[in-house]
Number of protein chains: 2
Amino acid sequence: MNDCPVKYALNILNGKWKLQIVWELNQQEKIRFNELQRRLKGISSFMLSKNLDELEQYRIIVRKQYNEVPPRVEYSLTELGKAIHPSLEMLGAWGIRAFNEMQNQRPS
Amino acid sequence: MNDCPVKYALNILNGKWKLQIVWELNQQEKIRFNELQRRLKGISSFMLSKNLDELEQYRIIVRKQYNEVPPRVEYSLTELGKAIHPSLEMLGAWGIRAFNEMQNQRPS
DNA sequence: CTGTATCCGTTTGGATACTG
DNA sequence: CAGTATCCAAACGGATACAG
């Protein structure tokens with residue numbers, strides 16, 4: 001994993017939800033646990049919590065807790081987390097091309 | 001999967017071996033099944049075959065078969081396959097940064 | 001040499017119930 | 001509201017044997 005930076009990067013975003021979490025945070029600056037769960041339709045609080053923990057360990061996101069009643073916790077991207085966006089844009093552009101090349105040859 | 005180009009792209013490279021296969025093909029232009037298996041230390045012929053099939057279906061690689069005895073099959077990247085390299089370079093650069101930020105904060 | 005068929009252990013994602 | 005604990009099913013990776 002640590003012998004290849006690309007694999008290291010991909011590993012951080014691996015799984016069903018992490019990319020989407022980063023994407024939501026990129027559009028929101030800050031977001032609360034519950035709202036994030038609503039936006040990621042279908043995720044359980046267990047999975048969301050687990051994925052947020054992992055992203056925090058990799059320093060992609062920051063968790064800020066306010067000691068209020070009811071509890072409030074806000075998540076946001078770190079500078080490192082924001083810095084991945086250009087790579088994702090580039091990958092997305094390639095993804096569109098890859099998708100189109102599949103469609104073109106479907107009729108075969 | 002098809003609703004997000006980034007996810008579509010990541011899905012193509014998903015798994016334990018596909019990234020490394022693309023990487024090897026990027027350095028070799030052509031490579032035979034057996035040599036590829038030797039380079040990807042630890043992969044079984046079953047897994048290699050399966051991963052090559054999937055990459056071929058996504059039009060990332062091309063399989064060329066020569067009807068000789070013994071059989072010879074060569075794999076190479078398509079133009080689409082080559083075109084992913086800049087994205088991987090960029091992701092790798094970010095990966096190095098992410099890795100370093102982890103190391104820096106380890107002593108905490 | 002280049003695969004396929006079968007079977008199996010591990011990992012991943014998730015449903016549900018519960019807590020401070 | 002923001003999680004944790006427990007348990008379960010499906011997906012993934014792989015070992016082994018075998019085939020053209």
Side-chain angles (χ1 to χ4, degrees), chain A residues 1 3-4 7-8 10-25 28-58 60-77, chain B residues 1-4 7-8 10-25 28 30-58 60-77:
Chain A
M1 196 71 61
D3 56 341
C4 173
K7 200 158 185 187
Y8 183 84
L10 289 181
N11 183 57
I12 292 176
L13 297 176
N14 241 352
K16 189 170 176 180
W17 299 106
K18 294 210 191 76
L19 177 65
Q20 203 179 337
I21 291 172
V22 170
W23 181 259
E24 292 295 337
L25 283 177
Q28 283 255 350
E29 177 65 22
K30 285 189 217 174
I31 194 166
R32 297 181 64 173
F33 186 92
N34 216 25
E35 174 164 7
L36 191 49
Q37 185 172 16
R38 257 180 287 115
R39 289 184 187 270
L40 306 179
K41 296 186 209 306
I43 195 172
S44 65
S45 60
F46 176 81
M47 287 305 294
L48 179 55
S49 180
K50 187 163 159 287
N51 280 284
L52 288 169
D53 280 355
E54 288 169 18
L55 287 172
E56 194 187 10
Q57 279 169 32
Y58 279 113
I60 309 302
I61 65 175
V62 170
R63 175 181 187 278
K64 177 139 195 222
Q65 175 173 352
Y66 301 86
N67 288 318
E68 304 173 350
V69 182
R72 177 160 60 107
V73 179
E74 287 178 346
Y75 293 89
S76 56
L77 290 180
Chain B
M1 194 71 61
N2 302 351
D3 56 341
C4 173
K7 200 159 186 188
Y8 183 82
L10 289 180
N11 183 56
I12 292 175
L13 296 176
N14 239 352
K16 190 171 177 181
W17 298 107
K18 294 209 191 77
L19 177 66
Q20 203 179 336
I21 290 173
V22 170
W23 181 259
E24 291 295 337
L25 284 178
Q28 283 254 351
K30 285 189 217 172
I31 193 166
R32 296 182 63 174
F33 185 91
N34 216 24
E35 174 164 6
L36 191 49
Q37 187 170 16
R38 258 180 286 115
R39 289 184 186 269
L40 306 180
K41 296 186 208 309
I43 196 173
S44 66
S45 60
F46 176 80
M47 287 305 294
L48 180 53
S49 179
K50 187 162 158 290
N51 279 285
L52 289 170
D53 279 355
E54 288 169 19
L55 287 172
E56 194 188 8
Q57 280 170 31
Y58 279 114
I60 310 302
I61 64 175
V62 170
R63 176 181 187 278
K64 177 139 196 223
Q65 176 172 352
Y66 301 86
N67 288 319
E68 304 172 353
V69 182
R72 178 159 61 106
V73 178
E74 287 177 346
Y75 293 91
S76 56
L77 289 179

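Every heavy atom of this structure was used, including side-chain atoms; hydrogens, water molecules and symmetry mates were not. Chain naming here is simple, since letters A, B, ... match the order of the sequence lines and numbering starts at 1 in each.
- OP1 or OP2 of dT2(C) lies within a sub-4.0 Å distance of a side-chain N or O belonging to Arg32(B).
- For Leu48(B) and dT4(C), the CG to P distance is 11 Å, given to the nearest whole Å.
- Residue Trp17(A) places none of its side-chain N or O atoms closer than 4.0 Å to OP1 or OP2 of dT12(C).
- Between Glu54(B) atom CD and dG3(C) atom C1' there is a gap of 15 Å when expressed in whole angstrom units.
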Enumerate the protein-to-nucleotides 6-12 of chain D contacts in which both atoms are nitrogen or oxygen and the separation is below 3.5 Å.
none

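- The shortest side-chain heavy-atom distance between Ile12(A) and Lys18(A) does not fall under the 4.5 Å cut-off.
- At least one donor-acceptor pair under 3.5 Å links the side chain of Lys7(A) to the backbone N or O of Lys16(B).
- Comparing dC1(C), dG3(C), dA17(C) by their nearest atom to the side chain of Asn34(B) picks out dC1(C).
- The base of dG14(D) lies outside donor-acceptor range of the side chain of Ser44(B), with no N or O pair under 3.5 Å.
- Residue contacts for Tyr75(A): at a heavy-atom cut-off of 4.0 Å it reaches the sugar-phosphate backbone alone, with no base atom in range.
- For dA2(D), the OP1/OP2 oxygens have no side-chain nitrogen or oxygen of Arg63(A) closer than 4.0 Å.
- Side-chain atoms of Glu29(A) never come within 3.5 Å of backbone atoms of Ser76(A) as a donor-acceptor pair (strictly under, hydrogens ignored).
- Counting heavy atoms from C-beta on, the side chains of Glu35(B) and Gln28(B) come closer than 4.5 Å.
- Here the P atom of nucleotide dG20(D) and the CZ atom of Arg72(B) are 23 Å apart, to the nearest Å.
- What separates CD1 of Ile61(A) from P of dA2(D) is a distance of 14 Å, to the nearest Å.
- Going from atom CG of Asn51(A) over to atom C1' of dT4(D) covers 15 Å, rounded to whole Å.
- Counting heavy atoms from C-beta on, the side chains of Leu52(B) and Leu36(B) come closer than 4.5 Å.
- The 5' end of DNA chain D is approached more closely, in terms of each residue's nearest nucleotide, by Pro70(A) than by the other of Asp53(A) and Pro70(A).
- The nucleotide whose nearest atom lies closest to any side-chain atom of Met47(A) is, among dC1(D), dG13(C), dA17(D), dG13(C).
- The nearest whole Å value for the distance from the CD1 atom in Ile43(B) to the C1' atom in dC1(C) is 16 Å.
- Counting to the nearest Å, the P atom of dC1(C) and the CD atom of Glu74(B) are 14 Å from each other.
- For the pair Ile31(A)/Arg39(A), a side-chain contact is recorded, criterion being any heavy-atom separation below 4.5 Å from C-beta on.
- Checking Tyr75(A) against Glu56(A) by side-chain atom types alone, no donor-acceptor pair falls below 3.5 Å.
- The interatomic distance linking Leu40(A) (CG) with dG14(C) (C1') rounds to 15 Å, in whole Å.
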